[in-house]
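This report concerns only the one structure given below.
Reminder, nothing fancy here: chain letters follow the sequence lines and each chain counts from 1.
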Number of protein chains: 2
Amino acid sequence: MGYNEEAFIKILKSKGLKVTNQRKAVLKALSSKPDQHLTAEEIYELVRVDTPEIGIATIYRTIQLLCELGLIDKLNLDDGYVRYEIGKEDKNEHHHHHLICVNCGKVLKFDDDLLDELEKQVEKTTGFIVHDHELKMYGYCRDCQNNRK
Amino acid sequence: MGYNEEAFIKILKSKGLKVTNQRKAVLKALSSKPDQHLTAEEIYELVRVDTPEIGIATIYRTIQLLCELGLIDKLNLDDGYVRYEIGKEDKNEHHHHHLICVNCGKVLKFDDDLLDELEKQVEKTTGFIVHDHELKMYGYCRDCQNNRK
DNA sequence: GTTTATGCAAATATTTTGCAACGTT
DNA sequence: AACGTTGCAAAATATTTGCATAAAC
């Protein structure tokens, strides 16, 4: 897993998009933090270590592009920042979801198998065809159960 | 159901907060649109019909207060606006979740019973104690399945 | 050489804040 | 009368856009 430059170049070329250092740098930066949920500003700081001339506008434009290509996922923790994380390389893998500690802000991922059943139930009941879902659970992590509550 | 002014006044007083026309107007406006997901700007427009002197800052401050009191819920549809909707009066009622049509933007609610099981499983696996959850499903509504796809 | 992408700065959009005036208790 | 709340305008924050320059094809 990790950063696969060759595959990325192939995707860009197949869409008629140009392969630039900036685009490679942004994807590489996100790939280097697979378990974090970075804001645009954090990605900017991270990319600037190796690519100091990059502008924040390019960060935003590249993030949007990577989302459209399905290489990264958008995550909203309702803290005023939109966050991004590197996606799963295996597209058939189950989506992961997020456990958010309301005390310390820690975010854990978890995989789910149960939601497929719920999706089917929803499709039957409402006529909606579900393509994707996002689940967030809020609570207290192991550490914060002792400190608080 | 609907807008219960007496109960609202009781809650405000019990917290040492003042009962103002603006606060009543905002809660009343949200109560009048129980199935909609309104932005701050939309709430502002709605409240100004009867309370034209209200300022947008008061809308934001009141929305935040109503969220803290648990009377309204925040909803993020990732369209650039934070939205609000009137909460359930019965606190023991199951949470509802949202089906979002990626074609026309329509938002449907649905109730769930299956997530309690998932919560328990998560608590066992991760040690997290879950207090709340939010689920969004993205797909195509019945109407849009014919037009598109 | 043509086209697309970048960097910068300015613009936009949403939400927050300071403060004097006002309304509620 | 005391204190919390409001309205206004200004500030802060996050993201987008126009445009000339630069890089990729």
*Is it the case that Glu119(B) and His133(B) place a side-chain donor and acceptor less than 3.5 Å from each other?*
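Note: Glu119(B) and His133(B) side chains meet the donor-acceptor criterion.
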*asked:* How would you summarise protein contacts on nucleotides 19-25 of chain D per nucleotide, using B for base, S for sugar-phosphate only and - for none, with heavy-atom distances below 4.0 Å?
replied: -----BS
_I need the CZ-C1' distance between Arg23(B) and dT5(D), as an integer number of Å._
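Interatomic distance, CZ of Arg23(B) to C1' of dT5(D): 6 Å.
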*With side chains defined as the heavy atoms from C-beta onward, is the minimum distance between Leu118(A) and Leu135(B) less than 4.5 Å?*
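Yes, at least one pair of side-chain atoms sits under 4.5 Å.
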*Indicate yes or no: does Asp132(A) engage Lys136(B) in a salt bridge with an N to O separation below 4.0 Å.*
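No salt bridge links Asp132(A) with Lys136(B).
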*Under a 4.0 Å N-O cut-off, is there an ion pair linking Glu45(B) with Arg48(B)?*
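Salt bridge: yes.
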*Are more than 12 heavy atoms from other residues, nucleotides or ligands located less than 6.0 Å from atom NZ of Lys28(A)?*
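Check fails, neighbour count at 12 or below.
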_CD (Glu53(A)) with more than 12 external heavy atoms under 6.0 Å_ =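 Count over threshold, so yes.
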*Closer to the 5' end of DNA chain C via nearest nucleotide, is it Glu53(A) or Ile56(B)?*
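Result: Glu53(A).
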*5′-ward residue of the pair Ala57(A)/Leu65(A) relative to DNA chain C*: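 Per heavy-atom nearest nucleotide, the more 5' residue is Leu65(A).
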*Test of ring centre spacing under 6.0 Å for Tyr140(A) and His131(B)*: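 Yes.
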*Quick one: which residue pairs count as a ring-ring contact (aromatic ring centres under 6.0 Å, His included) with a foot in residues 41-83 of chain A, not counting sequence neighbours?*
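The answer is none; no pair qualifies.
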*With sequence neighbours left out, write down each residue that passes side-chain hydrogen bond (donor to acceptor under 3.5 Å, both in side chains) with Gln36(A), or none if nothing qualifies.*
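In terms of side-chain hydrogen bond (donor to acceptor under 3.5 Å, both in side chains), with neighbours along the sequence ignored, Gln36(A) is linked to no residue.
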*Just one of Lys74(B), His98(B), Lys33(B) clears the side-chain hydrogen bond (donor to acceptor under 3.5 Å, both in side chains) bar with Glu85(B), so which one?*
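The single option meeting the side-chain hydrogen bond (donor to acceptor under 3.5 Å, both in side chains) with Glu85(B) is His98(B).
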*Axis-to-axis angle across the helix from dG1(C)-dC25(D) to dT25(C)-dA1(D), five pairs an end, to 10 degrees?*
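Rounded value for the end-axis angle: 30°.
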*Thr20(B) side-chain N/O to Arg23(B) backbone N/O, donor-acceptor pair under 3.5 Å*: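 Present.
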*Ignoring hydrogens and angles, tell me if any N or O in the side chain of Ser14(B) forms a donor-acceptor pair with the backbone of Ile11(B) under 3.5 Å.*
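Indeed, once roles are kept as given, a pair shorter than 3.5 Å links the two residues.
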_For a quick test of reading the model: is some side-chain N or O of Tyr60(A) closer than 4.0 Å to OP1 or OP2 of dT15(D)?_
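Answer yes for this pair, as a side-chain N or O of Tyr60(A) is under 4.0 Å from OP1 or OP2.
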*Mind running a 4.0 Å heavy-atom check of residues 42-50 of chain A against DNA chain C and sending the residues that fall below it, in number order?*
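Heavy-atom cutoff 4.0 Å gives no residues at all.
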_Reading DNA chain C in the 5' to 3' direction, which nucleotide is the first one with an atom under 4.0 Å from a heavy atom of chain A, and which is the last?_
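From 5' to 3', the first and last contacting nucleotides are dT3(C) to dC8(C).
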_Qualifying residue for side chain to side chain contact (heavy atoms under 4.5 Å, CB included) with Leu30(B), from Ile43(B), Leu71(B), Val47(B)_ =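 Per the side chain to side chain contact (heavy atoms under 4.5 Å, CB included) rule, the option paired with Leu30(B) is Ile43(B), out of Ile43(B), Leu71(B), Val47(B).
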